[in-house]
Amino acid sequence: MNLKGRDFLKLLDFTPEEIEYFLDLAADLKYKKKNGIPHEYCRGKNVALIFEKTSTRTRSSFEVAAHDLGMGSTYLNPTDSQIGKKESIADTARVLSGMFEGIEYRGYGQDLVEELAEYASVPVMNGLTNEFHPTQILADFLTIREHFGYLKGINFVYMGDARYNMGNSLMVGCAKMGLNFVACAPEKYFPDSELVETCREIAAENGGSIRFESDPMVGTKNANVIYTDVWVSMGEPLAVWEERINDLAPYQVNSALMDNAAEGAVFMHCLPAYHDWKTTIGKEMGEKFGRDSMEVTDEVFESDASIVFQEAENRMHTIKAVMAAVIAGV
Ligand code: CP
Ligand code: NVA
């Protein structure tokens, strides 16, 4: 498998075999990291990290992974760079291509990262857009594989706003890798119908399925994985909280839903999560709407079924695999 020079913009662009290759490579790199085995496959190279939205995991993962691969990294944010305000995406792409061997981009529309890739002559990697978050799915699938030993046939239930980056990307990932995907939400939060059709066709080829359900107890029955994400995503106005809470409160992941799932079910979340009042927004919205948690209860988040921190660590190993593969052809 040689993925050198490929952009990593969305999982729709990759075959199941290629996705499996990223996961196998990530597992190998994780083993090497844990055992102190050097893996500087990108020695002497450099990667640009553009973040138009905030980040803890993704930025840390790219920076640590770059360092472990022997590669330099430069962080560019909207306040301190010319991107967007004084310089177009197309010009930025061509400038950075002269200095770096890879470019990561986190921002708003998927069209922006696609445009960056069109004009760049080095691989571009999507660190999250409104529509897709593909590096997160690699981490999620590595974690599921570590926990259950396989991916095909896993009953995967996504609770909440399924029409945004996480719902879309998880649906694509499940279709590609043969998991049974259920999105459980009110109908208006189901993904775009064209993407659903595409995923149904992909799932049929790979032995998976795609289903939508609005009853939380029906949706979570037999689930092996219950996954959720914030109800209000980065870039959305605070004004939408009230509507989201009203619409999505019945889909909060709580102990009743976990008990309703299959024996040995796990809880997953891309993080950050509003499971208590220990964040400014969590406290402000919690007080305003009389809730002690949002998309997941603190009880489930802190329970033995929760594998969210293993999942978070795997962001680094999987992002490292992506960079090693597309920048160095590992
Ligand atoms: N899950 C995730 O992308 O986290 P960050 O926003 O902290 O990067
Ligand atoms: N849907 C979330 C994902 C964060 C990793 C957001 O876009 O803010």
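The shown structure was predicted, so the numbers you read here are calculated from the model rather than taken from an experiment. As the structure lists them, so they are numbered: ligands from 1, and atoms in each ligand from 1. Position 1 is the first residue of the sequence, and the numbers go up from there.
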Full working for salt bridge (charged side-chain N to carboxylate O under 4.0 Å, His left out) between K10 and D13: CA-CA 6 Å; K10 54 189 183 303; D13 301 338; 3.0 Å; yes
Side chains of I19 and L138, heavy atoms from C-beta outward: is any pair under 4.5 Å? yes
Sub-4.5 Å side-chain heavy-atom contact between E236 and W241: no
Test the R211-F181 pair against the cation-pi criterion, namely NZ or CZ under 6.0 angstrom from the six-membered ring centroid and within 45° of the ring axis. no
Test the K53-Y108 pair against the cation-pi criterion, namely NZ or CZ under 6.0 angstrom from the six-membered ring centroid and within 45° of the ring axis. yes
List the protein residues in contact with ligand 1, where contact means a heavy-atom separation under 4.0 angstrom. S55, T56, R57, T58, R106, H133, Q136, C270, L271, R315
Does CG belonging to D215 count more than 12 external heavy atoms closer than 6.0 Å? yes
Whether over 12 other heavy atoms sit under 6.0 Å from K152 NZ: yes
For a distance cut-off of 3.5 Å, show me each N or O of ligand 2 paired with any protein N or O, plus the separation.
unit_1, atom_1, unit_2, atom_2, d
ligand 2, 1 (N), N165, OD1, 2.9
ligand 2, 1 (N), D229, OD2, 2.6
ligand 2, 1 (N), S233, OG, 2.7
ligand 2, 7 (O), N165, ND2, 2.8
ligand 2, 8 (O), M234, N, 2.8

Those residues at least two apart in sequence (or on a different chain) that pass salt bridge (Lys or Arg N to Asp or Glu O under 4.0 Å) with R291 are none
Apply salt bridge (Lys or Arg N to Asp or Glu O under 4.0 Å) to R145 and list each qualifying residue two or more places apart in sequence or on a separate chain. D24
